[in-house]
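Order of the sequence lines sets the chain letters (A, B, ...), proteins ahead of strands, with each chain counted from 1.
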There are 2 protein chains.
Amino acid sequence: MIALQGTFRALADPTRRDILVMLSREDMTVAGVSEHFEMTRAAVKKHLVVLEEGHLISVRRQGRETINKLRPQALKSAQDWLNHFSDFWDTHLDNLKSAVEAEGDDTK
Amino acid sequence: MIALQGTFRALADPTRRDILVMLSREDMTVAGVSEHFEMTRAAVKKHLVVLEEGHLISVRRQGRETINKLRPQALKSAQDWLNHFSDFWDTHLDNLKSAVEAEGDDTK
DNA sequence: TTGACATGATACTATTTGGTACCATTTAAG
DNA sequence: CTTAAATGGTACCAAATAGTATCATGTCAA
């Protein structure tokens, strides 16, 4: 199993989650990812390092570029951890049906 | 839908994930949760506040105790976000079957 | 009422984190 | 070879976070 700590830590930042969505469409270089954000390349690179430490992406040097590639296993591990609560959901979620659609929201 | 940012941020800490597991078995007071950790009650209380801000628990005052209760909707929202990558998994995970069971691990 | 107990809130410190600025390294191309 | 472009790495700063210590508040029980 993949280390959950690094994975959940990597998922905690909205920029990193956006990067994962981008990488789910196509592999991208550091510069390619950076184009979609207003922060510097170095900052984006740091996020990519965190994602790599969380096993969420793989990094491959190709010439002078580095290709960042989504790695689905860690995402699956995170989902598996959440699945441990499924029994709880089955038992108690039915009682909360009316509350589900009344959920408010704020930032993201 | 529930705000993902607060939810993922709350899930990023191992202490908080442990608290969620504990609460999946039974509702607990602040002191009850604190017994399972070596940090102070105040520190545990702070984690509980973060969990509440992430909509992962509900807090109810009962007499001089406060009952902390798991709230499954937010966990489900996080899982739903992860589900957005399912298409990617279906497409690419098969090619990685051999790599899945070769995953190393470190902390948690 | 008095006292013990559980909690909430605040102030303070140390650590982590997100970000920028800057420099070294590698590579493609003339 | 030389030069410019793309990238990686390090140093540094500001802000957020985790934790402790401490005190105030409310509540159960005698």
Side-chain donor-acceptor pair under 3.5 Å between Asp13(B) and Gln5(A), yes or no? no
As a test of reading the structure: which of [options] is closest to the side chain of [X], going by heavy atoms?
| X | options | value |
| --- | --- | --- |
| Lys46(B) | dG8(C), dG18(C), dA18(D) | dA18(D) |
| Arg64(B) | dG19(D), dA18(D), dC28(D) | dC28(D) |
| Ala42(A) | dT20(C), dG19(C), dA18(D) | dT20(C) |
| Glu65(B) | dC28(D), dT7(C), dA6(D) | dT7(C) |

Would you kindly compare Met39(A) and Arg9(A) by the position of their nearest DNA chain C nucleotide and give the one closer to the 5′ end? Arg9(A)
Quick one: [X] [atom1] to [N] [atom2], roughly how many Å, whole number?
| X | N | atom1 | atom2 | answer |
| --- | --- | --- | --- | --- |
| Arg61(B) | dC5(C) | CZ | P | 17 Å |
| Phe8(A) | dT17(D) | CZ | P | 19 Å |
| Glu38(B) | dT20(D) | CD | C1' | 15 Å |
| Leu48(B) | dT17(D) | CG | P | 17 Å |
| Ile67(A) | dA6(D) | CD1 | P | 14 Å |
| Gln5(B) | dT17(C) | CD | P | 15 Å |
| Arg16(B) | dA18(D) | CZ | C1' | 9 Å |
| Gln62(A) | dA5(D) | CD | C1' | 17 Å |

Is Ile67(A) linked to Val44(A) within one hydrophobic cluster, defined over Ile, Leu, Val, Met, Phe, Trp and Tyr using a side-chain heavy-atom separation of less than 4.5 Å? no
Starting from Val49(B), can I reach Met28(B) by hopping between I/L/V/M/F/W/Y residues whose side chains sit under 4.5 Å apart? no
Please tell me if [X] has a side-chain N or O lying less than 4.0 Å from either OP1 or OP2 of [N].
| X | N | result |
| --- | --- | --- |
| His47(A) | dG19(C) | yes |
| Lys45(B) | dG8(C) | yes |
| Thr29(A) | dT7(D) | yes |
| Thr40(B) | dT20(D) | yes |
| Thr66(B) | dA6(C) | no |

Donor-acceptor contact below 3.5 Å, side chain Ser24(B) vs main chain Phe85(A): no
Sidechain-backbone polar pair: Thr7(A) side chain, Gly54(A) backbone, donor-acceptor under 3.5 Å: yes
At under 4.0 Å between heavy atoms, what does Ala31(B) touch on the DNA or RNA strands: base, sugar-phosphate, or nothing? sugar-phosphate
Is there, by distance only and without an angle test, a donor paired with an acceptor across the side chain of Arg41(A) and the base of dA6(D) below 3.5 Å? no
